[in-house]
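Below is one structure, written out as structure tokens; comments come after it.
These numbers come from a predicted model, not from an experiment.
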Amino acid sequence: ALPIFAPPRALPGGPTPTPVAADPAPVAAPIAAPPAAPKVSTLEDLAARSPEHAAIARLLEDYLELTRDLLSPSPNPFQDASERERREQELLDRLRAMGPGVIPALAEMLTELNHRANQVFLAKALAGMPYPEATGAIEQALGQIKDVALQTTLVRYLPETPDAAALVTRAFGNEENPTLRGMLLREYSRRIGDEAGQAGASRDEGREFLRQAALNDPDPNVRAEAVTVIGQRGDPRDQELMAQLARAEPNVYLRQRAIVSYAETAKEGSLGLLDDMARDTGAGLPIRASAILAISRVGGPLALQALDRLAQTDPDQEVRTRAQRAAASMRARAEAEARGQGPQEVQGGAIRVGPPPDGLQRR
């Protein structure tokens, strides 16, 4: 089931929402208490709670001994790192082999321990538990822990299954911290892969989840993340949504992301709108620069013609320079591909593949 999104708040630069008239006799709602902060306990305190707690504590002592070994100088650090991974995996396997009965104690120690390295280790162990009881414990832990590193560890070590992907969407829908929602969205997109790598219902469910995030998440940065993922997936069915955001989104940063994602979903079909946006002298440099970048992402002869035309005729020197650089980068890339070189071997290009691309501004 997909998460239910709250209605979007007004974004910076956007229209002020129309006030809604209150009921004639409103009833004051009780003020909800803030969620309780997780307890903080030492390993010794937790070990005394039950035999399961004590067994986990003993294993954690072995793990801490392993981490102390890493601090010693070594003539062969790469070999030591490999050995450390092997020994850590052995400890994880020992903990998981304790069975489902240890899960409550494991989850409790994960959320309460005052030692970060131990918490990360326990997060790896819990996420890899092959028991149904682990699912509820992981969801509860994701709701209690407000730490990006621990949450990332929990979701990253989940099995690569549809059930695990669904757990990530539920966690996204329940998470209030936009930084953590962004992490969960990226993890979800990693799990579902690109549009071509999915089939049937899973592909459509993933697509709908991302569209809802792009349209309705209350944080513009999370919406921008969703828009970027949609572009990376390149599903042509999303081109109308990306065109809508590229034309009219009031948040500049989010609109810039949508312009590039429109190019990636509509391909050559996007060039008409992108060319209009790049030549619109009233749009402002951030939008025009994003349109130039998007045209270069489309590639091909028509895109190159559009960039050359901008480079030769636009009244704005900065726009001409950016178009000139983008065209030069496209030509260099084409020449490198003809010689059998990879894109990373093209030097001096103006195209950046990672966010935020040149010219994008945060607001």
Side-chain angles (χ1 to χ4, degrees), residues 1-3 35-67 84-177 180-181 183-184 186-188 190-192:
L2 296 175
K39 298 177 182 177
V40 177
S41 305
T42 65
L43 187 60
E44 292 75 14
D45 291 338
L46 289 164
R49 293 186 183 179
S50 75
E52 291 77 17
H53 287 81
I56 297 172
R58 287 192 295 271
L59 194 144
L60 285 175
E61 290 172 357
D62 292 342
Y63 175 69
L64 288 177
E65 186 64 31
L66 170 60
T67 60
R84 189 254 190 197
E85 290 179 6
R86 185 190 66 79
R87 291 169 60 191
E88 180 180 300
Q89 187 60 51
E90 287 181 353
L91 294 173
L92 288 170
D93 292 341
R94 282 171 51 191
L95 179 49
R96 292 165 184 163
M98 293 179 185
V102 80
I103 288 176
L106 173 56
E108 193 173 75
M109 296 178 79
L110 167 63
T111 56
E112 290 191 28
L113 261 176
N114 60 355
H115 192 286
R116 166 62 72 82
N118 279 341
Q119 287 180 294
V120 170
F121 177 82
L122 293 177
K124 293 178 183 179
L126 179 59
M129 283 279 192
Y131 309 110
E133 295 88 343
T135 300
I138 292 167
E139 289 200 53
Q140 184 175 7
L142 286 171
Q144 292 177 315
I145 297 171
K146 302 306 174 185
D147 180 293
V148 174
L150 292 179
Q151 278 208 348
T152 301
T153 301
L154 273 173
V155 297
R156 182 57 58 88
Y157 278 80
L158 286 169
E160 300 289 337
T161 64
D163 287 344
L167 187 156
V168 175
T169 66
R170 294 194 297 272
F172 179 94
N174 294 326
E175 181 55 61
E176 296 180 356
N177 185 322
L180 295 176
R181 282 205 309 280
M183 179 278 296
L184 290 166
R186 288 189 295 274
E187 174 62 20
Y188 180 75
R190 184 192 68 79
R191 287 176 173 275
I192 62 177

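Considering only residues two or more places apart in sequence or on other chains, Glu175 meets the side-chain contact (heavy atoms from CB on, under 4.5 Å) condition with Lys146, Gln151, Asn177, Leu180, Arg181, Leu184. Looking at residues two or more places apart in sequence or on another chain, you find a side-chain contact (heavy atoms from CB on, under 4.5 Å) between Ala141 and Leu110, Thr111, Ile145, Leu154. Tyr157 meets the ring pair (Phe, Tyr, Trp, His ring centres under 6.0 Å) test with no other residue; sequence neighbours excluded. Contacts of Ala57 classified as side-chain contact (heavy atoms from CB on, under 4.5 Å), with partners at least two apart in sequence or in another chain: Leu43, Ala47, Met109.
Every pair passing ring pair (Phe, Tyr, Trp, His ring centres under 6.0 Å) that includes a residue from residues 88-128 is listed here, sequence neighbours excluded: Tyr63-Phe121. Judged as a side-chain hydrogen bond (donor to acceptor under 3.5 Å, both in side chains), the pairs with a partner in residues 124-134 (not counting sequence neighbours) are, in order, Glu88-Lys124.
No side-chain heavy atom of Glu52 sits less than 4.5 Å from a side-chain heavy atom of Ile103. When side chains are defined from C-beta on, Glu65 does not count as touching Asp62, because their heavy atoms never get closer than 4.5 Å. Between Met98 and Leu106 the shortest side-chain heavy-atom distance does not fall below 4.5 Å. You'll find the side chain of Val155 reaches within 4.5 Å of the side chain of Leu142, heavy atoms only. Between Leu167 and Glu139, some side-chain heavy-atom pair lies under the 4.5 Å cut-off. Annotation: side chain of Arg191 is in contact with side chain of Leu158 (closest heavy-atom distance under 4.5 Å). Contact check for Arg49 versus Ser41: side-chain heavy atoms found under the 4.5 Å cut-off.
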| field | Derivation and outcome, salt bridge (charged side-chain N to carboxylate O under 4.0 Å, His left out), residues Glu90 and Arg87 | value | CA-CA 5 Å; Glu90 287 181 353; Arg87 291 169 60 191; over 6 Å; no
| Leu60 vs Ile56, side-chain contact (heavy atoms from CB on, under 4.5 Å): CA-CA, chis, key distance, verdict | CA-CA 6 Å; Leu60 285 175; Ile56 297 172; 4.2 Å; yes
| task | Assess whether side-chain contact (heavy atoms from CB on, under 4.5 Å) is satisfied between Arg156 and Thr153, documenting all intermediate values. | result | CA-CA 5 Å; Arg156 182 57 58 88; Thr153 301; 5.9 Å; no
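Taking every heavy atom of both residues into account, Ala107 and Ala137 meet most closely at CB-CB, 4.1 Å. Ala134 approaches Met129 most closely through the heavy-atom pair CB-CB, 3.7 Å. Of all non-hydrogen atoms in Ala125 and Arg96, the two that sit nearest each other are O-NE, 3.3 Å.
Look at Arg58 and Glu61 and you find no salt bridge, because none of the NZ, NE, NH1 or NH2 atoms lies under 4.0 Å from a carboxylate O.
Rounding to the nearest 0.5 Å places CG of Leu59 at 5.0 Å from CG of Leu91. Going from atom CE of Met183 over to atom OG1 of Thr152 covers 4.0 Å, rounded to the nearest 0.5 Å. Taken from NE2 in His53 to CD in Glu44, the straight-line distance is 13.5 Å, to the nearest 0.5 Å.
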